[in-house]
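Both backbone and side-chain heavy atoms feed into the values below; hydrogens, waters and symmetry mates do not.
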Amino acid sequence: RSARMTSSGPAAPPAPASAASAPPAPASGRPALMLPTLVRLGGLPACAVPRPQNALIAALEEVRRLDRETEGAAGRLLDPLYELIPLLDRDERRAVLHAKRKVFQSRASGLSARAGLPSDIGAMLIDWDRLMAQRRNARTRLDKAVAADLENSRALLAHSLDDPDYLRSVAIAAPALVSTLARRGRRLDDPRVLRTLYSLASRTALKTSPFSGLTTVSEAG
């Protein structure tokens with residue numbers, strides 16, 4: 001190859017080192033990222049924002065399931081009670097009518113004597129009262145789960161205030177809030193304070209804001 005090139009003219013100069021080491025062009029159909037890339041760097045991690053705990057979600061699902069069962073059971077029970085009431089004597093009629101109202105209100109029937117009732121309706125009332133007891137217990141568990149979840153949220157939001165950069169930003173965005181926390185401490189018993197801190201934590205960890213102390217935008221490294 002060198003002989004042929006010298007016979008027709010001077011040899012071509014060697015390619016510059018930069019050209020020889022240049023990366024190959026991207027394959028056809030594979031786009032190359034040519035524009036500057038921006039990434040948001042939040043002041044808090046996403047885990048700083050309280051979210052429902054598993055115990056609370058389970059308690060809510062149980063209450064919803066029992067509410068659906070209650071609706072179906074009431075629909076199956078009200079019509080037979082409605083048809084039965086005119087056939088009873090005065091005392092029984094009054095007791096069963098009262099029980100029917102309780103069923104309509106999704107409450108325990110309160111009917112202790114079922115001997116004079118048809119066996120199928122008596123069994124349905126027993127199942128209804130058992131369902132109401134389960135529903136009442138489930139709502140008690142839900143109340144406890146809500147209280148525990150709220151306490152966890154308070155602790156999580158208070159812990160974020162240990163970040164000095166975040167606390168300085170909160171002091172600029174909501175100086176009255178920081179003054180309140182300085183006077184009362186971080187118990188966060190006031191629902192208004194809790195909501196404000198939750199909003200600020202969400203803004204800092206999950207949203208883009210022009211307030212760079214709470215969230216910033218910078219060129220990706």
Salt bridge or not between [X] and [Y]? Use side-chain N to carboxylate O under 4.0 Å.
X: Arg139; Y: Asp67; value: yes
X: Arg64; Y: Glu61; value: no
X: Arg186; Y: Asp162; value: yes
X: Asp190; Y: Arg184; value: yes

Shared ILVMFWY cluster between [X] and [Y], side chains joined below 4.5 angstrom?
X: Val63; Y: Leu60; answer: yes
X: Leu177; Y: Leu44; answer: yes
X: Leu66; Y: Ile126; answer: no
X: Leu78; Y: Ile85; answer: yes
X: Val96; Y: Phe104; answer: yes

Note, [X] side chain near [Y] side chain (heavy atom, < 4.5 Å):
X: Pro50; Y: Tyr198; answer: yes
X: Leu181; Y: Val170; answer: no
X: Leu125; Y: Ile121; answer: yes
X: Arg154; Y: Leu197; answer: no
X: Ser169; Y: Asp165; answer: no

Distance from [X] atom [atom1] to [Y] atom [atom2], nearest 0.5 Å?
X: Asp79; Y: Leu84; atom1: CG; atom2: CG; value: 12.5 Å
X: Ser109; Y: Asp129; atom1: OG; atom2: CG; value: 3.5 Å
X: Leu88; Y: Leu97; atom1: CG; atom2: CG; value: 10.0 Å
X: Leu200; Y: Leu161; atom1: CG; atom2: CG; value: 9.5 Å
X: Asn152; Y: Leu156; atom1: CG; atom2: CG; value: 6.0 Å
X: Leu77; Y: Lys100; atom1: CG; atom2: NZ; value: 10.0 Å

Could you go through the side chain to side chain contact (heavy atoms under 4.5 Å, CB included) check for Leu111 and Leu117 one step at a time? CA-CA 11 Å; Leu111 193 64; Leu117 301 180; 3.6 Å; yes
Please give me the minimum heavy-atom distance between [X] and [Y], naming the atom from each residue.
X: Ala201; Y: Leu157; result: CB-CD2, 3.8 Å
X: Ser106; Y: Thr70; result: OG-CG2, 3.8 Å
X: Val103; Y: Leu81; result: CG2-CD1, 4.4 Å
X: Ala158; Y: Leu188; result: N-CD1, 4.1 Å
X: Ala173; Y: Pro175; result: C-CD, 3.7 Å
X: Ala59; Y: Ala145; result: CB-CB, 4.1 Å

Main chain of Arg195, side chain of Ser199: is a donor-acceptor contact present, judged purely on distance under 3.5 Å?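 No.
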Give a yes or no answer on whether the side chain of Trp128 reaches the backbone of Ala123 with a donor-acceptor pair at less than 3.5 Å. no
Answer yes or no: does atom [atom1] of [X] have more than 12 heavy-atom neighbours from other residues, nucleotides or ligands under 6.0 Å?
X: Asn54; atom1: CG; answer: no
X: Arg192; atom1: CZ; answer: no
X: Arg94; atom1: CZ; answer: no
X: Glu71; atom1: CD; answer: no

Glu62: which of Arg68, Arg135, Arg141 passes salt bridge (charged side-chain N to carboxylate O under 4.0 Å, His left out): Arg141
